[in-house]
Amino acid sequence: MIRQQLAWFDPARIGHSGQCFRFAPLPEGGGWGLTARGRRLCIRPDGDGFLFDCTPEEWETVWYPYFDLDTDYEAFAAAVNPRDAYMTAAVACAAGVRILRQDPWETTVAFILSQQSNIPRITRNLEAVCRAYGAPFADREGNIWYDIPTPAALAAASEEELRALGLGYRAPYLRAAAARIAAGQPDLASLAAMPYKKAHAALLTLPGVGVKVADCVCLFGLHKLDAFPIDTHIRQMLDAHYKRGFPMRRYKGFAGVLQQYAFYYELYGGKT
DNA sequence: CAGGTC
DNA sequence: ACTGG
């Protein structure tokens, strides 16, 4: 167990920001639980800081990078044009949200499942896929959790099995994309080193991955902060507040972070 | 109608 | 076009 005081870190907001679907309130309340990188982590508020149930070594090598704590999000917030009332409000509403450094394969699976769905259903579907095809592992208390299935494990599943989990028409997309990744076409590990546009183009070749899902994988799985996914909510937001276009040049290099803040604001607007 | 894709 | 909040 370790204690940390962290700037711009709000687990409650990160948990339902829609970038990660395996980050949920603890059943007993008062904290958050997360399954990622083949591990389980619990986060509990402790005065002006947080308690993390991991070793200092795990914090250093796994969770500190996962939460992207080397990046200065306050600087991104400070760069917002003060005359932009909409984005100023969005950033205030989403203060404490960071872009997690999630696994690219996990985000590929999650966002293939995300199309024409909603956060509660995506969460359920992803959990069902992990339970059915993912490797079980135990936390230090002996509780069993399930990792994201390997591409090979998902490619071996039948469309009927996947539909039985409630994935609907996304089942064949997921299966076919898994087969492609298992064959190394494309090699997800190598995408991280590519510039955003090249990585985006490679992801677009996957079945069930269009412009929007590819942008989500770039932003949340490859940490390309230039990626700016445009979904139905962001489309409405752009039409309502940026009729002359979103100022991408001004926010070059981190526009995706502001996209996430606008998305959060559209969903929860002032309620958190 | 839902964080779209083919 | 699956399915459910």
Side-chain angles (χ1 to χ4, degrees), chain A residues 13-25 86-87 90 93-94 97-100 102-104 106-129 132 154 157-181 185-186 196 200-242 246 255-269 271-272:
Chain A
R13 289 178 179 174
I14 294 171
H16 52 248
S17 67
Q19 61 175 303
C20 177
F21 302 98
R22 307 197 74 195
F23 195 135
Y86 176 83
M87 193 53 70
C93 178
V97 173
R98 292 171 170 274
I99 306 296
L100 303 175
Q102 299 185 75
D103 174 63
E106 172 169 348
T107 54
T108 302
V109 174
F111 285 95
I112 284 175
L113 297 182
S114 78
Q115 56 189 85
Q116 295 295 100
S117 189
N118 50 67
I119 293 177
R121 186 184 177 189
I122 300 162
T123 302
R124 274 207 328 277
N125 287 350
L126 185 60
E127 213 51 44
V129 165
L154 268 189
S158 71
E159 179 179 334
E160 293 69 37
E161 288 170 346
L162 293 174
R163 281 184 180 269
L165 297 180
L167 309 192
Y169 64 86
R170 303 162 195 82
Y173 291 153
L174 184 60
R175 190 179 126 72
R180 286 277 308 281
I181 299 302
Q185 297 177 353
Y196 158 57
H200 189 265
L203 289 166
L204 273 182
T205 68
L206 289 171
V209 176
V211 170
K212 189 269 176 182
V213 169
D215 270 323
C216 286
V217 175
C218 283
L219 181 56
F220 303 128
L222 298 170
H223 212 71
K224 305 297 183 194
L225 300 185
D226 282 323
F228 193 94
I230 298 177
D231 69 347
T232 161
H233 296 111
I234 295 297
R235 182 75 267 157
Q236 288 179 32
M237 178 282 286
L238 293 174
D239 291 344
H241 302 284
Y242 298 95
F246 190 78
V257 177
L258 300 182
Q259 182 277 354
Q260 186 61 10
Y261 294 164
F263 179 76
Y264 188 94
Y265 189 46
E266 291 296 309
L267 253 59
Y268 306 108
K271 290 195 279 289
T272 50

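Throughout, protein chains are lettered first and strands after them, A, B, ... in sequence-line order, and every chain is numbered starting at 1. Bear in mind the structure is a predicted one, so any value in this text is a computation, not a measurement.
- Among the heavy atoms of the strands lying under 4.0 Å from A:P207 are primed sugar atoms or P, OP1, OP2 only; no base atom is included.
- Ring centers of A:F21 and A:F111: under 6.0 Å apart, within the cut-off.
- The residue among A:R170 and A:N118 whose nearest nucleotide of DNA chain C lies closer to the 5′ end is A:R170.
- In terms of heavy atoms, A:L203 sits closest to A:C218 at CD1-SG, 3.8 Å.
- Below 30°, between 30° and 60°, or above 60°: for A:Y268 and A:Y264 the angle between ring planes is between 30° and 60°, a tilted geometry.
- Using a distance-only test at 3.5 Å, with no hydrogens or angles considered, a donor-acceptor pair links the side chain of A:R170 to the main chain of A:Q116.
- Of the residues near DNA chain B, A:C216 and A:V209, the one whose nearest nucleotide (by heavy atom distance) lies more toward the 5' end is A:C216.
- Read 5' to 3', the first and last nucleotides of DNA chain B with an atom closer than 4.0 Å to a heavy atom of chain A are B:dA2 to B:dC6.
- Within the nucleic acid shown, A:L206 comes within 4.0 Å of sugar-phosphate atoms alone, with no base atom in reach, counting heavy atoms only.
- Among the atoms of the strands shown, base atoms are found under 4.0 Å from some heavy atom of A:G18.
- Scanning all heavy atoms of the two residues, the minimum distance from A:A171 to A:R163 falls at CB-CG, 3.7 Å.
- In this structure, A:F263 reaches the bases: a heavy-atom distance under 4.0 Å links it to at least one base atom across the strands shown.
- Note on A:Q260: a base of the nucleic acid sits closer than 4.0 angstrom, heavy atoms only.
- Nearest heavy atom pair, residue A:L219 against residue A:P229, reads CD2-CD, 3.8 Å.
- Across all strands, A:R124 comes closer than 4.0 Å only to sugar-phosphate atoms, never to a base (heavy-atom distances).
- A:Q259 comes within 4.0 angstrom of a nucleotide base, judged by non-hydrogen atoms across all strands.
- Under the Watson-Crick or G-U wobble criterion, with both distances below 3.5 Å, B:dC1 is paired with C:dG4.
- Side-chain contact check for A:R180 and A:T205: at least one donor-acceptor pair (N or O, by modelled atom type) lies under 3.5 Å.
- One interatomic measurement links the two molecules: OH of A:Y169 to P of C:dG4, which rounds to 13 Å at whole-angstrom precision.
- Here the C1' atom of nucleotide C:dT3 and the CD1 atom of A:I122 are 13 Å apart, to the nearest Å.
- Distance CD (A:E160) to P (C:dC2): 12 Å, rounded to an integer number of Å.
- A:R163 comes within 4.0 angstrom of the backbone, heavy atoms only, and of no base.
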